[in-house]
Asks: 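Structure incoming, see below.
Because only heavy atoms are used, hydrogens play no part in the values below, and waters and symmetry mates are left out as well, while side chains stay in. Throughout, numbering of the chain's residues begins at 1 and tracks the sequence.
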Amino acid sequence: MKVSAARFMLSTIAALAVTGLVSGASDEASDSDVKVLNTENFKEWTDAQEIALVEFYAPWCGHCKALAPEYEKAAAALKEESISLAKVDCTEAQALCEEMQIPGFPTLKVVKSGDFATYNGTRKEAGIISYMRKQRLPPLSELSSDNFNKFSVSDRVVIIGYVDDVSSPEYAELESLAKEMRDEFTFGVVTDKELAADHGVAKNGVVIFKTFDDGKDIYEGPITADALRSFVKASSVPILDEISGENYSMYAQTGLPFGFAFFDSDESRKALEEQLYPVAKQYKGVISFVLIDANKYSSQADHLNLKHEWPAFAIQNQTSMAKYPFPQDKEITEQDIEDFVKDFIDNKIEPSYKSEPVPESNDGDVFVMVSKQFNEVVFDKSKDVLLEFYAPWCGHCKRLVPIYDQLGAILKGSENLVIAKMDAIANDIPSGAPELQIQGFPTIVLIRAEDNTIVEYHGNRSIESFIEFLEENAANKITYDKAALAGDDDEEEEEDNVEQVVVKKDKKEEAKDDAEVDEEIKVDEQEEEEKKAEEEVEYEDMSDVDDEVKSKKDEDGHDEL
């Protein structure tokens, strides 16, 4: 997102006002290996770099402060390889950061001879080093006996293919995958038959060298990008390891279900490892088994419908987010977990869904949906269902209540239409439909009669807009008293024309977090509240494992998860 110069400056001033920091460059250690760039030297320096990494930051940004020591260590390590790291203070070089379209802090960009690309690595020393080394290599490196040994241990995961020659279809498939996944993994290829024979490879094959587990995995199937992709992702994570915010994304990218094993002490962790490791090894590539510290991430147990009794185990499907808690009245043993996993794979276990009780009376203008009734009501093909997913703490949801209630009252006469709402915090959504994987609040969808097609509502929040949407998309005819709409002043439409202040919020308290500048700022209001730091807080990629569901308000009046 391009931030206008006025907003960029305002957000900077706002953040500095709150933190009490004075604009200016921080004191640089004389022995720092990170090059300091500014408006004067930026273009000349970046144009001259064969490959480098540039961080755009603000002194008040908490995530920038956390990155700083990792960035310094990575710079020192990469210096010997002629890969430079630099940084730009955007409170000092505002025009430059505006020109570079910096959306938030920290933003990192890879530069090659003046050309910039998005950095997609982690913010840890090892991740930065690994990512930048890959950027220097071709997508697929050709190996010989001279460089093989060094290359095979050059990264945490190294994929090496053994093929007949560079013109073979296997080479083309390997090269295609290498180009696709070059930011994540290091790829090499051997066409020397003698070298392949020395490594025990008599025909086309792929070996994944890694710094964990047994040290390598051997793939002997057909060398196609599709077949290899899944194998590589499954092999890139340990058989059993502890999960945290730092490595969550590594597991998530496999797409495999999670097997979460909660421990609360060194003793319980050790016991879990002993019982689970054989099962995790047996089902490697099918389920990612992970240990998780219940003292840090107890709320993840809530998401999995587990009681806070440790140790505990549950499986979660990454696609549908369906949850399968292991019975907590049973001891976690190797045999019982193996049986549980088998039943999961064979679809013999019903997923667990959190639900409020079915209301004793539910004949109001707006039907109160709970998980226990969801499939019965929502997928009734005789009726169209307009369903709002809301959160009790969501400000936009609260403002929608009177409008939505009035909509329900006006459309009460439409016998084949249900206007419904569901607390998506107190109730799970018992459906794997991608359109029902809620990303923010409020989310409003129409589940059509006849074919159960799901259509998301994106209009403004006025009675007329809702009715127009239903008339265009519902399978059944909508009937209502048009006189009931007379006098509606459409105040809600005006809300959509006002640029919202965007602030990321905590699910429970809607509290403001750390300061960053990936937000639009309501320029036309001069309230003291606007002087608070406007920010985009980047959370670790462990959103489901973290201590709460993060949310924000966007300019469409939407509280996002």
Asks: Quick one: pull up CG in L177 and OG1 in T224 and give me the separation to the nearest 0.5 Å.
Replies: 9.0 Å
Asks: Is there a side-chain contact between K109 and M100, using heavy atoms and a 4.5 Å cut-off?
Replies: yes
Asks: If you take all heavy atoms of A234 and G285, which pair is closest and at what distance?
Replies: CB-CA, 3.6 Å
Asks: Report the distance from atom CD of E468 to atom CD1 of I463, rounding to the nearest 0.5 Å.
Replies: 13.5 Å
Asks: Using a strict cut-off of less than 4.0 Å between a Lys/Arg side-chain nitrogen and an Asp/Glu carboxylate oxygen, indicate whether K372 and E356 qualify as a salt bridge.
Replies: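 No, no charged N to carboxylate O under 4.0 Å.
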Asks: Please confirm whether F313 and F260 have ring centers closer than 6.0 angstrom.
Replies: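 Not close enough - the centres of the two rings lie 6.0 Å or further apart.
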Asks: Could you go step by step and tell me if M422 and L387 meet the side chain to side chain contact (heavy atoms under 4.5 Å, CB included) rule?
Replies: CA-CA 7 Å; M422 179 172 172; L387 177 57; 4.1 Å; yes
Asks: Has the side chain of D346 got a donor or acceptor atom that lies under 3.5 Å from a matching backbone atom of K348?
Replies: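 Checked: no pair found.
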Asks: Locate the shortest heavy-atom distance separating P392 from I425; write the atom from each residue and the value.
Replies: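 Shortest heavy-atom separation between P392 and I425 comes out as CD-CG1, 3.9 Å.
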Asks: List the atom of L240, the atom of A280, and the distance in Å for their closest heavy-atom pair.
Replies: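 Shortest heavy-atom contact: CB-CB, 4.4 Å.
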Asks: Which atoms form the tightest heavy-atom contact between C397 and A391, and what is the distance?
Replies: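 What the structure gives for the nearest pair is SG-N, 3.8 Å.
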Asks: Looking at F105 versus Y57, is the centre-to-centre ring distance below 6.0 Å?
Replies: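 That pair fails the under 6.0 Å test.
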Asks: Might you work through the side chain to side chain donor-acceptor pair (under 3.5 Å) test for N476 and D384, ending with a clear yes or no?
Replies: CA-CA 7 Å; N476 296 307; D384 294 287; 3.0 Å; yes
Asks: Verify side chain to side chain contact (heavy atoms under 4.5 Å, CB included) between F374 and V377, making sure each step is shown before the conclusion.
Replies: CA-CA 6 Å; F374 190 90; V377 176; over 6 Å; no
Asks: Are K323 and P351 close enough that some pair of their side-chain heavy atoms sits under 4.5 Å apart?
Replies: no
Asks: Between S465 and N460, is the side chain to side chain donor-acceptor pair (under 3.5 Å) condition met? List the steps.
Replies: CA-CA 6 Å; S465 292; N460 64 58; 2.8 Å; yes
Asks: Working to the nearest 0.5 Å, report the span between CD1 of I243 and CZ of F289.
Replies: 13.5 Å
Asks: What is the minimum heavy-atom distance between I239 and D213, and which atoms define it?
Replies: N-OD2, 2.9 Å
Asks: Can you tell me how far CG of L407 sits from CD of E388, rounded to the nearest 0.5 angstrom?
Replies: 10.5 Å
Asks: For N416, does its backbone N or O pair with a side-chain atom of S414 as donor and acceptor, under 3.5 Å?
Replies: no
Asks: Could you walk me through whether F262 and L272 pass the side chain to side chain contact (heavy atoms under 4.5 Å, CB included) test, one step at a time?
Replies: CA-CA 9 Å; F262 289 83; L272 282 173; 5.9 Å; no
Asks: Do Y219 and S235 make a side-chain contact, defined as non-hydrogen atoms from C-beta onward lying under 4.5 Å apart?
Replies: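 Counting from C-beta outward, Y219 and S235 never come under 4.5 Å.
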Asks: With rounding to the nearest 0.5 angstrom, report the CZ to NE2 distance, F469 to H458.
Replies: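 Answer for the CZ-NE2 pair, F469 versus H458, is 8.5 Å.
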Asks: Using a 4.5 Å cut-off on heavy atoms from C-beta on, say whether the side chain of D241 contacts that of V290.
Replies: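 No, their side chains stay 4.5 Å or more apart.
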Asks: Answer yes or no: is there a side-chain heavy-atom contact under 4.5 Å between V455 and T453?
Replies: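 Side-chain contact under 4.5 Å: yes.
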Asks: Could you walk me through whether D183 and Y131 pass the side chain to side chain donor-acceptor pair (under 3.5 Å) test, one step at a time?
Replies: CA-CA 6 Å; D183 288 349; Y131 189 91; 3.3 Å; yes
Asks: Any side-chain heavy atom of I444 sitting closer than 4.5 Å to one from L400?
Replies: yes
Asks: Side-chain contact, heavy-atom cut-off 4.5 Å: I315 with F258?
Replies: no
Asks: Is K134 atom NZ crowded by more than 12 heavy atoms from other residues, nucleotides or ligands, each under 6.0 Å away?
Replies: yes
Asks: Can you check side chain to side chain donor-acceptor pair (under 3.5 Å) on S361 and D363, steps first, answer last?
Replies: CA-CA 6 Å; S361 175; D363 55 0; 3.2 Å; yes
Asks: Mark yes or no for whether R156, through its side chain, and S236, through its backbone, hold a donor-acceptor pair below 3.5 Å.
Replies: yes
Asks: Look at the side chain of S352 and the backbone N and O of P325, then say whether any donor-acceptor pair between them is shorter than 3.5 Å.
Replies: no
Asks: To the closest 0.5 Å, what do you measure between CG (L291) and CD (E242)?
Replies: 6.5 Å
Asks: Tell me whether S371 contacts the main-chain N or O of S355 through its side chain, where contact means a donor paired with an acceptor under 3.5 Å.
Replies: no
Asks: Verify, without hydrogens or angle tests, whether N427 (side chain) and D423 (backbone) share a donor-acceptor contact under 3.5 angstrom.
Replies: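 Present.
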Asks: Within the side chain of Q328, is there an N or O that forms a donor-acceptor pair under 3.5 Å with the backbone of F326?
Replies: no
Asks: Taking the six-membered ring for Trp and the full ring for Phe, Tyr or His, determine whether the centres of F466 and Y457 are under 6.0 Å apart.
Replies: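 Yes.
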Asks: Check whether N362 reaches the backbone of V368 with its side chain - one donor and one acceptor, N or O, closer than 3.5 Å.
Replies: yes
Asks: So V206 and I223, side chain to side chain contact (heavy atoms under 4.5 Å, CB included) or not? Walk me through it.
Replies: CA-CA 8 Å; V206 175; I223 298 181; 4.1 Å; yes
Asks: Donor-acceptor pair, distance only, cut-off 3.5 Å: does the side chain of K412 make one with the backbone of G364?
Replies: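 Present.
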Asks: Would you mind checking if K284 and D217 are paired as a salt bridge, meaning a charged N to carboxylate O distance below 4.0 Å?
Replies: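 A salt bridge links D217 with K284.
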Asks: Find out whether M250 and E184 are in side-chain contact, i.e. whether some heavy atom of one side chain is under 4.5 Å from a heavy atom of the other.
Replies: no
Asks: So which atom in E450 and which in A475 form the shortest heavy-atom distance, rounded to 0.1 Å?
Replies: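 Distance-wise, the nearest heavy atoms are CD-CB, 3.9 Å.
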Asks: I'd like to know if the side chain of S130 and the backbone of G127 have a donor-acceptor N/O pair within less than 3.5 Å.
Replies: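 Not at all, since once roles are kept as given, no pair shorter than 3.5 Å links the two residues.
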Asks: In plain terms, say whether D451 and R448 are close enough for a salt bridge, that is, a side-chain N and a carboxylate O under 4.0 Å apart.
Replies: yes
